[in-house]
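Read the structure below first, then the notes.
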Amino acid sequence: MEEKLKNLRKSMKNTVLKELTFEKKQMDSIRKSYSENFRLSILQLLRKEKSGTELLQGLRARGITNYDQSEAVLYTDLHELEQKQLLLSRWIYEEKRYVLNRKGLKYLEELEESTNKKFSKRLQELWSGGRNV
């Protein structure tokens, strides 16, 4: 299945996506949205305590495989969340475990609310034929 997807992606690059171009502002917006979705998934999974390995499995289950290439990126994100004091972490034997603290839960709720509003607004725009609602 993985090979078929790679072939499809390669084929699309040579046909449909070849003509597609984005301005820097659009690319930055896409990257930010993409990053926010990863962050949202990580935070949602950390409502319950997990190790890095369990977190990777949870992300894979959601279809997020970007961390498979470089797990260090995930651990960098976790470290950043710790620095922002959104996570608690502790070592159990030789395994570090992470969970959201109160501040992290509040941040997650705000992020989910913001994401839902953006999604709802975009759906309304689509339903109205692209006109601003």
Side-chain angles (χ1 to χ4, degrees):
M1 181 67 164
E2 184 73 24
E3 190 62 35
K4 288 180 182 179
L5 290 175
K6 285 181 184 178
N7 290 337
L8 175 61
R9 185 176 296 143
K10 186 176 177 181
S11 170
M12 288 177 67
K13 279 184 182 180
N14 293 330
T15 56
V16 177
L17 298 178
K18 189 175 184 177
E19 303 296 320
L20 190 61
T21 59
F22 292 99
E23 295 176 6
K24 182 179 179 347
K25 184 179 176 182
Q26 291 169 315
M27 287 299 291
D28 290 344
S29 174
I30 291 168
R31 281 189 190 103
K32 183 179 181 214
S33 175
Y34 205 60
S35 175
E36 286 175 355
N37 287 333
F38 285 136
R39 178 69 47 100
L40 179 62
S41 293
I42 290 169
L43 294 171
Q44 287 173 333
L45 289 167
L46 289 176
R47 281 187 173 121
K48 293 186 179 178
E49 187 178 83
K50 292 189 177 16
S51 67
T53 303
E54 291 169 328
L55 189 54
L56 277 169
Q57 290 170 345
L59 290 169
R60 282 186 198 118
R62 290 178 175 214
I64 300 171
T65 58
N66 292 33
Y67 292 114
D68 288 351
Q69 298 295 324
S70 175
E71 292 180 17
V73 175
L74 174 62
Y75 289 102
T76 301
D77 286 350
L78 289 170
H79 182 69
E80 183 182 324
L81 291 169
E82 281 182 287
Q83 295 300 308
K84 290 181 178 182
Q85 299 178 345
L86 300 173
L87 296 181
L88 298 173
S89 64
R90 64 186 177 133
W91 285 93
I92 299 180
Y93 303 106
E94 294 182 13
E95 180 179 66
K96 192 169 185 181
R97 302 195 55 86
Y98 306 88
V99 68
L100 291 178
N101 59 20
R102 275 192 221 147
K103 184 178 175 183
L105 287 167
K106 185 174 178 31
Y107 177 73
L108 172 59
E109 288 173 10
E110 291 168 0
L111 191 57
E112 285 176 328
E113 187 176 318
S114 170
T115 301
N116 287 339
K117 283 181 183 177
K118 287 178 192 175
F119 183 70
S120 177
K121 181 180 177 186
R122 184 66 184 130
L123 278 177
Q124 287 176 349
E125 288 174 4
L126 290 170
W127 286 332
S128 66
R131 297 182 307 272
N132 288 338
V133 179

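Just so you know, residue 1 is the first one in the sequence shown, and it goes up from there. Values reported hereafter were calculated over all heavy atoms of this structure, with side chains retained and with hydrogens, waters and symmetry mates removed.
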Got a second to check how far [X]'s [atom1] is from [Y]'s [atom2], nearest 0.5 Å?
X      : Y      : atom1 : atom2 : result
Leu56  : Tyr75  : CG    : OH    : 5.5 Å
Ile64  : Ile42  : CD1   : CD1   : 7.5 Å
Leu100 : Lys106 : CG    : NZ    : 14.0 Å
Leu87  : Lys103 : CG    : NZ    : 11.0 Å

Give the minimum heavy-atom separation between Ser41 and Leu59, together with the two atoms involved. CB-CD2, 3.9 Å
Looking only at non-hydrogen atoms, find the nearest pair between Leu111 and Arg39 and report the distance. CD2-CG, 4.3 Å
Test question: given the 4.5 Å side-chain rule for I, L, V, M, F, W and Y, name all other residues clustered with Val99, or answer none. Leu88
Does some side-chain heavy atom of [Y] sit less than 4.5 Å from a side-chain heavy atom of [X]?
X      : Y      : answer
Leu46  : Leu108 : no
Gln57  : Thr53  : yes
Leu105 : Leu86  : no

With a 4.0 Å cut-off, would you call Lys48 and Glu54 a salt bridge? no
Could you pull out all residues at least two apart from Lys96 that satisfy side-chain contact (heavy atoms from CB on, under 4.5 Å)? Glu82, Ser89, Trp91, Tyr98
Backbone of Leu45 reached by a side-chain donor or acceptor of Lys50 within 3.5 Å: yes
Pairing residues for Glu49 by the side chain to side chain donor-acceptor pair (under 3.5 Å) criterion, not counting sequence neighbours: Arg90, Arg97
Can Leu81 and Leu43 be said to form a side-chain contact (heavy atoms from CB on, under 4.5 Å), step by step? CA-CA 9 Å; Leu81 291 169; Leu43 294 171; 4.1 Å; yes
Only one of Glu109, Glu110, Lys117 passes side-chain contact (heavy atoms from CB on, under 4.5 Å) with Glu113, and that residue is Lys117
